[in-house]
J.: 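Got a structure here, written out as C-alpha cells. Questions coming.
Both counts, for ligands and for their atoms, begin at 1 and track the order of listing.
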Amino acid sequence: MSLPACPQCGSEYTYEDGAMFVCPECAHEWSQVTATTEGEGERVIKDSNGVVLQNGDTVTVIKDLKLKGSSLVVKVGTKVKNIRLVDGDHDIDCKIDGIGAMSLKSEFVKKV
Ligand SMILES: [Zn+2]
C-alpha cells in the first residue's frame with residue numbers, strides 16, 4: 001500500500017498514525033478523510049481553525065513566514081485583506097503592505 005506524499009513539503013516518507021497521515025520531515029499531519037475527498041466537487045479552503053475561507057476575506061498570519069528567496073518575513077499577526085483563493089500548494093493569493101503580492105498557505109492564517 002502506498003501512502004500519499006506530504007502535501008506540505010512533498011516528502012514521500014509519510015506514515016500512518018491512527019486516522020492521520022504524518023510527515024516525519026516537516027511534522028505536518030493531515031487526516032486521511034481530507035486526502036480521499038480531495039478533487040471531489042468544489043474545493044473548500046479552510047483556515048487554521050477549520051473555518052471556510054472565501055474570496056475577499058480578511059485573515060491574520062498565525063506564525064512568522066519567511067519569504068523564499070528574500071530576507072523578508074511576514075510577521076505573526078500581520079493582517080491580510082482581500083485574499084483570493086487559488087488552486088495549488090499555496091492556496092491564497094494576496095497583497096501585503098510593505099511586501100507586495102505573495103502567496104500564503106491557508107493553514108498558516110486565521111480568519112478575522
Ligand atoms: Zn512534509
Side-chain angles (χ1 to χ4, degrees):
M1 177 183 165
S2 68
L3 298 171
C6 173
Q8 185 157 287
C9 73
S11 166
E12 289 172 5
Y13 300 105
T14 305
Y15 61 90
E16 281 180 285
D17 183 10
M20 305 288 288
F21 289 131
V22 181
C23 171
E25 302 209 15
C26 70
H28 183 54
E29 294 181 13
W30 69 104
S31 74
Q32 301 188 30
V33 175
T34 304
T36 53
T37 55
E38 213 169 15
E40 281 180 20
E42 203 172 323
R43 191 156 174 250
V44 176
I45 297 177
K46 294 177 180 172
D47 74 0
S48 55
N49 293 324
V51 177
V52 176
L53 296 172
Q54 289 173 328
N55 288 321
D57 275 351
T58 299
V59 298
T60 55
V61 175
I62 60 163
K63 60 175 270 186
D64 286 355
L65 300 173
K66 280 198 187 104
L67 296 192
K68 259 187 193 159
S70 85
S71 58
L72 290 171
V73 174
V74 180
K75 290 281 186 194
V76 58
T78 300
K79 200 176 245 186
V80 184
K81 289 178 186 164
N82 198 20
I83 60 168
R84 199 164 62 84
L85 303 176
V86 295
D87 263 341
D89 175 39
H90 289 70
D91 41 23
I92 297 174
D93 264 1
C94 62
K95 216 168 182 182
I96 297 179
D97 289 345
I99 292 179
M102 66 169 293
S103 298
L104 293 173
K105 292 187 181 188
S106 53
E107 66 202 82
F108 296 140
V109 303
K110 181 175 74 176
K111 189 168 170 170
V112 178

J.: Taking all non-hydrogen atoms of both residues into account, name the closest pair between Val22 and Pro24 and its distance.
T.: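 In this case the closest contact between Val22 and Pro24 is O-CD, 3.7 Å.
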J.: Taking only residues two or more places apart in sequence or in another chain, which ones pass side chain to side chain donor-acceptor pair (under 3.5 Å) with Asp87?
T.: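 Applying side chain to side chain donor-acceptor pair (under 3.5 Å) to Asp87 gives Arg43.
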J.: With sequence neighbours excluded, tell me which residues meet ring-ring contact (aromatic ring centres under 6.0 Å, His included) with His28.
T.: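 If we apply the ring-ring contact (aromatic ring centres under 6.0 Å, His included) test to His28, skipping adjacent residues, the hits are Trp30.
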J.: Which residue pairs pass the side-chain hydrogen bond (donor to acceptor under 3.5 Å, both in side chains) test with at least one member in residues 88-112, sequence neighbours excluded?
T.: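 Residue pairs passing side-chain hydrogen bond (donor to acceptor under 3.5 Å, both in side chains), neighbours aside: Asp57-Lys111, Arg84-Asp93, Asp91-Ser106, Asp93-Ser103.
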J.: Under 2.8 Å from the Zn ion (ligand 1), how many protein N, O or S atoms can be found?
T.: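 Step by step: take the Zn ion (ligand 1), keep protein N, O, S below 2.8 Å, and you get 4.
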J.: Does Glu25 have more than 12 heavy atoms from other residues, nucleotides or ligands lying within 6.0 Å of its CD?
T.: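 Correct, the count exceeds 12.
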J.: With the side chain counted from C-beta on, respond yes when Phe21 and Glu16 share a heavy-atom pair under 4.5 Å apart, and no when they do not.
T.: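 The answer is yes; the side chains approach within 4.5 Å.
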